[in-house]
Amino acid sequence: MAKLASYAVLDEESKGRRHQEPLPLYRTEFQRDRDRIIHSSAFRRLEYKTQVFVNHEGDMFRTRLTHSIEVAQLGRSIARALHLNEELTEAIALAHDLGHTPFGHAGQEALNHCMKRFGGFEHNLQSLRVVDRLEDKYAEFPGLNLTYETREGILKHCSQENARNLGEIGQRFLNRSQPSLEAQLANVSDEIAYNNHDIDDGLRAGMLEIEQLCELPIFAERYDEVKAKYPDISMRCCIHEVIRRMINWQVTDLISSTTERLHKVGVTSVAEVREYADPLIGFSDGMTEKNRLLKQFLRKNLYSNYRVHRMSHKAQHVVKSLFEIFFDDPQLMPPDFQKSLKKCKTEEGEQGQARVVADYVAGMTDRFAIAEYERLFNPSYLT
Ligand code: MG
């Protein structure tokens, strides 16, 4: 790896793991984190979880797995250009969605609603729970025992109330300090990935039209460029050429604006990055505005499309029904969840019981949640 900048996180300066382990023999600490994430069962389940479109709607759409890989790709490329730690960025990117419920935002909202009396449900916090506690496969420790820096990046947002119970990892939400540049970068890469692929998936689903998208400066400029250069291009190729140019434009802007900002502010260490009042990874003002319009457009034209809304409504019903039935009768859950429910109920009462049910429901894939709903509520389904 090329020499890293003084404000990059270095392997040897990591704040370490919660449970001490021997040093890796032939990998860096962050490569080990990445490898553990890839081998986790929560990571495999991302294949059947979605953000906007439900998994069974078609094989052509992004899933949370392909989304996470796209985020990692963007993060790594940008990290390399900025001389940041590529492997840490990659580990955070691959883990950032591990705590997501089935059915994207609709599922998350429904579960948060069910958990209202019990401290709520936040998907970022759930991702941390997955890597800290819920993955259960190592003899020496619970979870994946990741480094502090990867865990810090995974916990992108957190309420003050929850932050108070998290110790050192929650501290930055209380004193409003910043995470590492690698964590900031994984976050922005996530945004670049989903804004652009939602356009692609939205067009493919027939929920967005090219003419509508041409109202957006970020799309229109690149569209005109492609059409001028390749007048006879097929629609499929054209869309891809436009989207790759949009991504490239955003990435280039992010690299140059961030380089300029880092230079201007003059940070020289990770400690200074953490203490700085604002995030340092970011677009230029012009690109920030273009992105704002893009998000606004997607909210108006895609996320509130009646077909998306109809599916979200159904998804919320499934999540809510599953939560309620397991909470009322935990014996309907598999034995290992019953066991941890018993333990948590003894220690924390109803709140502990609800948390285990939320863990179980959140861990489900879209298709498993639908099948489980059928098994529990459809009288003609007899297995
Ligand atoms: Mg994401």
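Atoms within a ligand are numbered from 1 in the order they appear, just like the ligands themselves.
With a 4.5 Å cut-off between side-chain heavy atoms of Ile, Leu, Val, Met, Phe, Trp and Tyr, the cluster of Y26 takes in L25.
The distance cut-off of 2.8 Å around the Mg ion (ligand 1) captures these protein N, O or S atoms, sorted by chain and number: H67 NE2, H96 NE2, D190 OD1.
Here the options are H105, H100, H96, H157, the test is ring pair (Phe, Tyr, Trp, His ring centres under 6.0 Å), and the partner is H123; only H100 passes. Screening Y373, F337, Y360 against F326 for a ring pair (Phe, Tyr, Trp, His ring centres under 6.0 Å) leaves a single residue, Y360.
Taking a 6.0 Å sphere around NZ of K300, one finds it holds 12 or fewer heavy atoms contributed by other residues, nucleotides or ligands.
Under the 6.0 Å distance and 45° angle rule, R375 counts as a cation-pi partner of F368.
Salt bridge status for K137 with E135: present, with a side-chain N to carboxylate O gap under 4.0 Å.
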